[in-house]
Amino acid sequence: MPSPRLEVITPDNVLAACAIAVRPDQEGLVAPVARSLAEAYAQPAVAWPRLIVDGDRPVGFLMGFLDIQWGQDPADVRSGLWRLNIAADQQGRGYGRFAVAALADELRHRGADRMFVTWAPGTHGPERFYGRLGFRLTGERSGDQVVGELAL
């Protein structure tokens, strides 16, 4: 039985990645994959984009951020989850949980002891999902989004 895995974005799978679409009620909460890939292209030193695949089926997209300076304090360098897009027809199957755990493993491997994520609060937002994974609100805001932290 296939199990999910992360794949590097390549010329062979970039169109499949761009075809990942979340539910209509989530479209205002997460940028489309094409925008994420453009941001990754523009910031290759900090972006860690991956296609989430189960067997031969693309089921989602994940992008981590690596070692960015947070706010004004040069000593406050953070890594975490930048984007998570799970295809509308694949939600509720554990792919999001898998992807966050895989990113946490990657960040641990790189020496991080904490992982961050931001999200827009709201009815259809991901706060309960991140809470179930162990993220706790830091009390900080990043623009109009709240900041969550997970100890690794």
Side-chain angles (χ1 to χ4, degrees), residues 1-68 78-138 142-152:
M1 180 171 173
S3 60
R5 66 187 184 284
L6 298 181
E7 290 187 356
V8 172
I9 305 297
T10 68
D12 293 330
N13 65 17
V14 69
L15 293 179
C18 289
I20 300 292
V22 297
R23 296 188 329 243
D25 63 306
Q26 297 169 329
E27 289 173 356
L29 300 174
V30 64
V33 173
R35 177 177 168 184
S36 296
L37 290 174
E39 291 173 335
Y41 177 82
Q43 300 176 76
V46 299
W48 195 77
R50 297 294 186 269
L51 185 63
I52 307 164
V53 178
D54 193 356
D56 61 354
R57 292 176 305 121
V59 297
F61 172 82
L62 161 90
M63 188 159 73
F65 62 90
L66 306 173
D67 300 327
I68 65 165
R78 299 182 184 187
S79 297
L81 178 60
W82 190 348
R83 298 273 162 65
L84 180 61
N85 305 60
I86 303 298
D89 63 345
Q90 299 298 319
Q91 292 184 17
R93 299 180 182 188
Y95 296 124
R97 177 179 294 275
F98 158 77
V100 171
L103 177 58
D105 287 345
E106 177 67 21
L107 295 180
R108 266 189 225 96
H109 176 74
R110 292 171 177 262
D113 60 1
R114 301 176 301 159
M115 175 175 165
F116 293 87
V117 65
T118 64
W119 66 85
T123 307
H124 299 289
E127 186 164 346
R128 288 186 338 174
F129 169 74
Y130 291 127
R132 285 192 305 267
L133 296 180
F135 283 91
R136 298 293 170 245
L137 290 170
T138 65
S142 178
D144 62 348
Q145 298 191 344
V146 296
V147 179
E149 177 182 21
L150 176 69
L152 300 178

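For reference, positions follow the sequence shown, starting with 1.
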**OP:** Please examine the side chains of Asp12 and Glu7, heavy atoms only from C-beta on, and report whether any two atoms are closer than 4.5 Å.
**Re:** no
Asn85 side chain to Pro32 backbone, donor-acceptor under 3.5 Å: no
Side-chain contact, heavy-atom cut-off 4.5 Å: Leu66 with Leu107? yes
Handout entry: Flag side-chain contact, heavy atom, 4.5 Å: Val100 against Met115
Key = yes
I'd like to check Phe98 versus Asp54 (side-chain heavy atoms, cut-off strictly below 4.5 Å). Are they in contact? no
Phe129 and Arg97 have their tightest heavy-atom pair at CZ-N, 3.8 Å
Nearest heavy-atom contact between Val146 and Pro121 is CG1-CG, 4.1 Å
To the nearest 0.5 Å, atom CD1 of Ile86 lies from atom CZ of Phe61 at 11.0 Å
Heavy-atom nearest pair, Arg57 first then Tyr95, reads NH2-OH, 3.2 Å
Q | Test log, rule side chain to side chain contact (heavy atoms under 4.5 Å, CB included), inputs Leu6 and Leu62 | A | CA-CA 8 Å; Leu6 298 181; Leu62 161 90; 3.8 Å; yes
Nearest heavy-atom approach of Ile9 to Ala17 is CD1-CB, 4.0 Å
Between Leu84 and the options Ile52, Val117, Leu103, the side-chain contact (heavy atoms from CB on, under 4.5 Å) test singles out Ile52
Taken to the nearest 0.5 Å, the spacing of Arg110 CZ from Glu106 CD works out to 4.5 Å
By ring-ring contact (aromatic ring centres under 6.0 Å, His included), Trp48 pairs with (sequence neighbours left out) none
Under 3.5 Å, side chain of Arg108 to main-chain N/O of Arg114, donor-acceptor pair present? no
Heavy-atom nearest pair, Pro58 first then Ala16, reads CG-CB, 3.7 Å
Decide yes or no for Glu127 and Phe135: does some side-chain heavy atom of the first lie under 4.5 Å from some side-chain heavy atom of the second?
no
Checking Asp67, Val46, Leu152, Ile68 against Ser79 for side-chain contact (heavy atoms from CB on, under 4.5 Å), the one that qualifies is Asp67
Would a distance-only check, ignoring hydrogens and angles, find a side-chain to backbone donor-acceptor pair under 3.5 Å from Gln145 to Ser142?
no
Correct closest heavy-atom pair for Trp119 and Pro126 would be CB-CG, 3.6 Å
#### Entry: Pair Arg83 + Glu39, salt bridge at N-O below 4.0 Å
yes
